[in-house]
Number of protein chains: 2
Amino acid sequence: MKIATWNVNSIRSRQAIVLDWLAANPVDVLCLQETKVVDLDFPREPFEAIGYQLAISGQKSYNGVAILSRHPMTEISAGFGAVLGEETDLDEQKRVITAVIGGVRVVNLYVPNGSAIASEKYDYKLRWFALLKTYLAQLQGSAVPDLCVCGDFNVAPDDRDIYKPDGKDKHIMASPPEREALASVLSLGFTDIFRQFTPDGGHYSWWDYRRGGFANNRGWRIDHIYLTAGLCDRAQACTIDIEPRRREKPSDHTPVIVDLRN
Amino acid sequence: MKIATWNVNSIRSRQAIVLDWLAANPVDVLCLQETKVVDLDFPREPFEAIGYQLAISGQKSYNGVAILSRHPMTEISAGFGAVLGEETDLDEQKRVITAVIGGVRVVNLYVPNGSAIASEKYDYKLRWFALLKTYLAQLQGSAVPDLCVCGDFNVAPDDRDIYKPDGKDKHIMASPPEREALASVLSLGFTDIFRQFTPDGGHYSWWDYRRGGFANNRGWRIDHIYLTAGLCDRAQACTIDIEPRRREKPSDHTPVIVDLRN
DNA sequence: GAAGAAGTGG
DNA sequence: CCACTTCTTC
């Protein structure tokens, strides 16, 4: 089973690129972030026409997540609250959706960017990571404890994940507190599956639109796929496909794909 | 000598379509309207690269006219004031440019739309037509009196020029006062050269983007080429090329072309 | 640098 | 419906 994650930076603007990619890469599951559209306006039909079912949770302008699956999805839920059974202001932004697909619980996340260190949004990001840990712990104790947690984490886990790490510890996506917040979540028992196959640096999933970030390969690896122990042994490969980033009017992110043995 | 007129609705958005059209239709002169760009930002280079010289007069966001010519241009001037020798508020919007090319004085116009009857903009349109008459009379008395006056006139001269004329006399672009204002200008001695070759209705140069105007051929003929008597005999053909209107992301207007015998 | 919003214009 | 503006976000 192939599972991919892709921050598309507006599904309406990226529809053709995503459809082309799925035609060439018919993954079983595609997790999208930054769909930027309310559920009623999500372009469902073209994806259903090529064989995908959809679980979506979006809002106007910002955020928004979706799971596209070739196989039946059960236990679909959006937001932390649906699992934790409590309301939280962290669910006002649509950043979390999950579904069970082929015995695997897929969790699709769009972690807050955080804007700048010492901003209100940075605090929000740290609070969000804290609740994410509680949320994932709850799911690990569920009847389907094999988790594939993927999405745009807006954190480069270590210096191999940044084109030029010097001084980036004061930069959003690389500052110690957010790295520690992510590490704390992963300490529940998650493996960065890309790193199981590729220990060297220089592999990125996001390049800033500005100043020729992609042309000069000034990228960051901030889109991740994390697996619980029961799934790690099944992973046969984890790759980043930079092809869609080369297209006209691309997303600033590109897909990450994991292949799980049946 | 072939002279064409085309309201491109932003030259920056339409650059590729215009270049493709010129590759297939290497007219001697192309008059553009609604370039929507200040002169410093006009994309000169791609047009110069295929052999055109440029005379441009543009502004931010709205209006803007340009003449592209394969032959030398002399007596280039923009606005009514440059010819009439007096300042006028009607020159604040960039709607007039002229140049002498191969012994013909080409006048390129973007007539105000007028918004709605009884609006302030409608009065502006009528005032503009009045000054246009003075302007053209002046040019007729100049050393180069053979005029080719073309552009987006935002007036359908008669009912043949509207897909469904019923009730359109209360519609902008067809109301009697603006038709009379145009007729008064033409009474100086101008011939609607398209009508010399094509007397029947159903030939349009503009289709509203809305409600499938083009798909249903609900069009208007509002882009015109008017010739003084000395040039009429030289006209061999006048056609509307609807091909560019079929393209992806087209202008709502399409080119009108006149072919003048040497 | 690119996206969506809300507004104006045609 | 499409393109422009300014604004905000990432």
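All figures in this text were calculated on a predicted structure; none of them were measured in a lab.
Residues meeting the salt bridge (charged side-chain N to carboxylate O under 4.0 Å, His left out) test with A/Asp192, sequence neighbours left out: A/Arg221. Shown here are the salt bridge (charged side-chain N to carboxylate O under 4.0 Å, His left out) partners of A/Asp20, two or more places apart in sequence or in another chain: A/Arg247. Applying the ring pair (Phe, Tyr, Trp, His ring centres under 6.0 Å) rule to B/Tyr135 yields the partners B/Phe80; only residues at least two apart in sequence or on another chain are considered. In this view, A/Ile117 and A/Tyr122, A/Ser175 satisfy the side-chain contact (heavy atoms from CB on, under 4.5 Å) rule, not counting sequence neighbours. Scored by the side chain to side chain donor-acceptor pair (under 3.5 Å) test, B/Asp41 finds no partners at all (sequence neighbours excluded). For A/Arg44, the side chain to side chain donor-acceptor pair (under 3.5 Å) test picks out A/Glu48, with sequence neighbours left out. When the salt bridge (charged side-chain N to carboxylate O under 4.0 Å, His left out) test is applied to A/Glu243, the partners found at least two apart in sequence or on another chain are A/Arg246.
In 5' to 3' order, the nucleotides of DNA chain D bounding all contacts with chain B (an atom under 4.0 Å from a heavy atom) are D/dC1 to D/dT6.
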Contact state string [nucleotides 4-10 of chain C, B base, S sugar-phosphate only, - no protein heavy atom under 4.0 Å]: SSS--SB
